[in-house]
K.L.:
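Structure incoming, see below.
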Protein chains: 2
Amino acid sequence: MSAFKLHVPPAVTADTVIFTITDGKLKVLLVKRSRPPFVNSWALPGGFVRETETTEKTALRVLKDKAGVSSVYLEQLYSFDEPGRDPRGRVLTVAYFALVDFAKIKFVEEKNHEPSAFFGTRSLPKLAFDHAKIISYALQRLRYKVEYTNVIANLLPRQFTLSQLQEAYEVILGHKLDKRNFRKKFLTLGLVKPANAKVSGARHRPAQLFSFSKGGMVELKRFF
Amino acid sequence: MSAFKLHVPPAVTADTVIFTITDGKLKVLLVKRSRPPFVNSWALPGGFVRETETTEKTALRVLKDKAGVSSVYLEQLYSFDEPGRDPRGRVLTVAYFALVDFAKIKFVEEKNHEPSAFFGTRSLPKLAFDHAKIISYALQRLRYKVEYTNVIANLLPRQFTLSQLQEAYEVILGHKLDKRNFRKKFLTLGLVKPANAKVSGARHRPAQLFSFSKGGMVELKRFF
DNA sequence: CCAAAAGTGTTGACTGTACACCCATGT
DNA sequence: ACATGGGTGTACAGTCAACACTTTTGG
């Protein structure tokens, strides 16, 4: 159907690195491949672009099918087309990364689906294709981006405690942050505002809930 | 020849935003299209990926053909595949951006080549396809990147005066910088080191030449 | 001797970092 | 009453931003 007969184009796929936070860890969704190549290896969820799809649509479809979520933060990461990255032939993949609040995920465990699971980014299994490289690229991007934007909002519920927020940063950046300085930063920058609700029920002082003050993406001179 | 018969893949091209600095301006190389679509419009240099090429190879080939340069800074920018971006059908383009020292450019003005010229980024003509969007994306990336890396080295000759370096920053960032603070920054960070040569011949005090101290890419907490 | 760009330090404001104790609750 | 995580302020160091005059050369 293509109007370009000169060259046989590469096949095009979209793969998505779906990040979420649970168990105090940053995790990535992987699916176990049920067919060759790389049968039984874990791989990023992804698929071929259909004829009426953009790569972004493909990524969204996969996100819906594999993680059961539909309104999510999704950002294009990078395109990979090294020869040999797919043993079947030339495949260009446009990689995306998504940030999802773990509470919003509905695992779609239908019979015809491949098994999928979240893996901590520090304990990944062997991965199919060049997916290890893609994940490491995504991690790097995420670490950069949380330092000068409010993207991290997408990994948290609408309301959260400052300790939860701090833990999210620590898990992503891979190091501890100072509690007093952390709170000062967010409050004086006006990035978050207190909700009128607290979390009680734990056997300690109840925590104030906050939400991000701006809805969209906010960019700042980096704050760590 | 593709092993994937399920879906007709989009055509794949690579377009390159080639930046250089001359006349105290940041400029971009454009070519005048000699065939439809968009005949006689200016467009980014680019082309379809050939069967044995990666998109990066395509970008390098175009760089060689259109600007006559071969060892250049080249970085993948973003992939664009909005439907309708090419009237001929589905075309995914992987956009790259390149930084070239103007002195290294050899215009390749062969008879069968389309005319090409550098345009100041503030005075671009009407552009074919979504190339205006691609350029603005590239500009944004470049502005970010010069603030926390030494990429700017690729736009300058090996040796340069601090005034030239400062001017390069000013042209890219779009605002003046303080001379004393600028010099202090670079010298105390150790990013540049003095060469043992000066520029004389102008009717003013001769300027010390410098070169970047590290060869590869250096990343820092941003410096402006 | 004049025009032109090169070169050079100090100060005050602000930002980042280190650090330790009391508070409110549930059990 | 005690264990648990929530919540708070200060002081010092480092970085950033503003600012003006002298130097060296060519013409």
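All chains are named by letter (A, B, ...) in the order of the sequence lines, taking the proteins before the strands, and each is independently numbered beginning at 1.
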K.L.:
Out of D/dC19, D/dT8, C/dG16, which has the shortest distance to the side chain of A/Lys185?
P.N.:
C/dG16
K.L.:
Salt bridge (charged side-chain N to carboxylate O under 4.0 Å, His left out): which pairs involve residues 118-133 of chain A, sequence neighbours left out?
P.N.:
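Checked against salt bridge (charged side-chain N to carboxylate O under 4.0 Å, His left out) - neighbours excluded - the pairs reaching residues 118-133 of chain A are A/Arg85-A/Asp130.
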K.L.:
What does nucleotides 20-27 of chain C look like as a protein-contact string, B for base, S for sugar-phosphate only, - for none, at under 4.0 angstrom between heavy atoms?
P.N.:
B--BBBS-
K.L.:
Is it the case that the ring center of B/Phe210 lies less than 6.0 angstrom away from the ring center of B/Phe160?
P.N.:
no
K.L.:
Return the orientation label for the B/Phe118 and B/Phe102 ring planes: parallel under 30°, perpendicular over 60°, tilted otherwise.
P.N.:
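Plane angle over 60°, so perpendicular.
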K.L.:
For the pair made of CZ in A/Arg183 and P in C/dG16, what is the distance, rounded to whole Å?
P.N.:
18 Å
K.L.:
For D/dG6 and A/Ser163 - does any side-chain N or O of the residue sit under 4.0 Å from the phosphate oxygens OP1/OP2?
P.N.:
yes
K.L.:
Between B/Glu75 and B/Tyr73, do the side chains contain a donor N or O and an acceptor N or O under 3.5 Å apart?
P.N.:
yes
K.L.:
In whole angstrom, what separates B/Phe182's CZ from C/dA6's C1'?
P.N.:
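Rounding to the nearest Å, CZ of B/Phe182 and C1' of C/dA6 are 14 Å apart.
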K.L.:
Just how far, in rounded Å, is P of C/dA5 from CD of B/Gln208?
P.N.:
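In whole Å, C/dA5 P and B/Gln208 CD are 19 Å from each other.
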K.L.:
Starting from P on D/dA18, measure out to NZ on B/Lys184 and report it in whole angstrom.
P.N.:
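For the pair B/Lys184 NZ and D/dA18 P, the rounded distance is 12 Å.
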K.L.:
Holding to side chain to side chain donor-acceptor pair (under 3.5 Å), I want the full list of residues that pass it with A/Arg183, two or more places apart in sequence or in another chain.
P.N.:
none
K.L.:
Please report, rounded to the nearest Å, how far the P atom of C/dA5 is from the NZ atom of B/Lys198.
P.N.:
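It works out to 18 Å between those atoms.
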K.L.:
Tell me if the aromatic rings of A/Phe186 and A/Tyr169 count as close, with their centers under 6.0 Å from one another.
P.N.:
yes
K.L.:
Counting any heavy atom closer than 4.0 Å, what does A/Thr161 reach on the DNA or RNA strands: base, sugar-phosphate only, or nothing?
P.N.:
nothing
K.L.:
Can you check the B/Gln166 CD to C/dT8 P distance for me, whole Å?
P.N.:
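In whole Å, C/dT8 P and B/Gln166 CD are 14 Å from each other.
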K.L.:
Could you check how far CD of B/Glu147 sits from C1' of D/dT15, rounded to whole Å?
P.N.:
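Checked: the CD to C1' distance equals 16 Å.
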K.L.:
Take atom CZ of A/Phe186 and atom P of D/dG7, then tell me their distance rounded to the nearest Å.
P.N.:
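Taking CZ of A/Phe186 and P of D/dG7, I get 15 Å after rounding.
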K.L.:
Is the closest side-chain heavy-atom distance between A/Val100 and A/Asn154 below 4.5 Å?
P.N.:
no
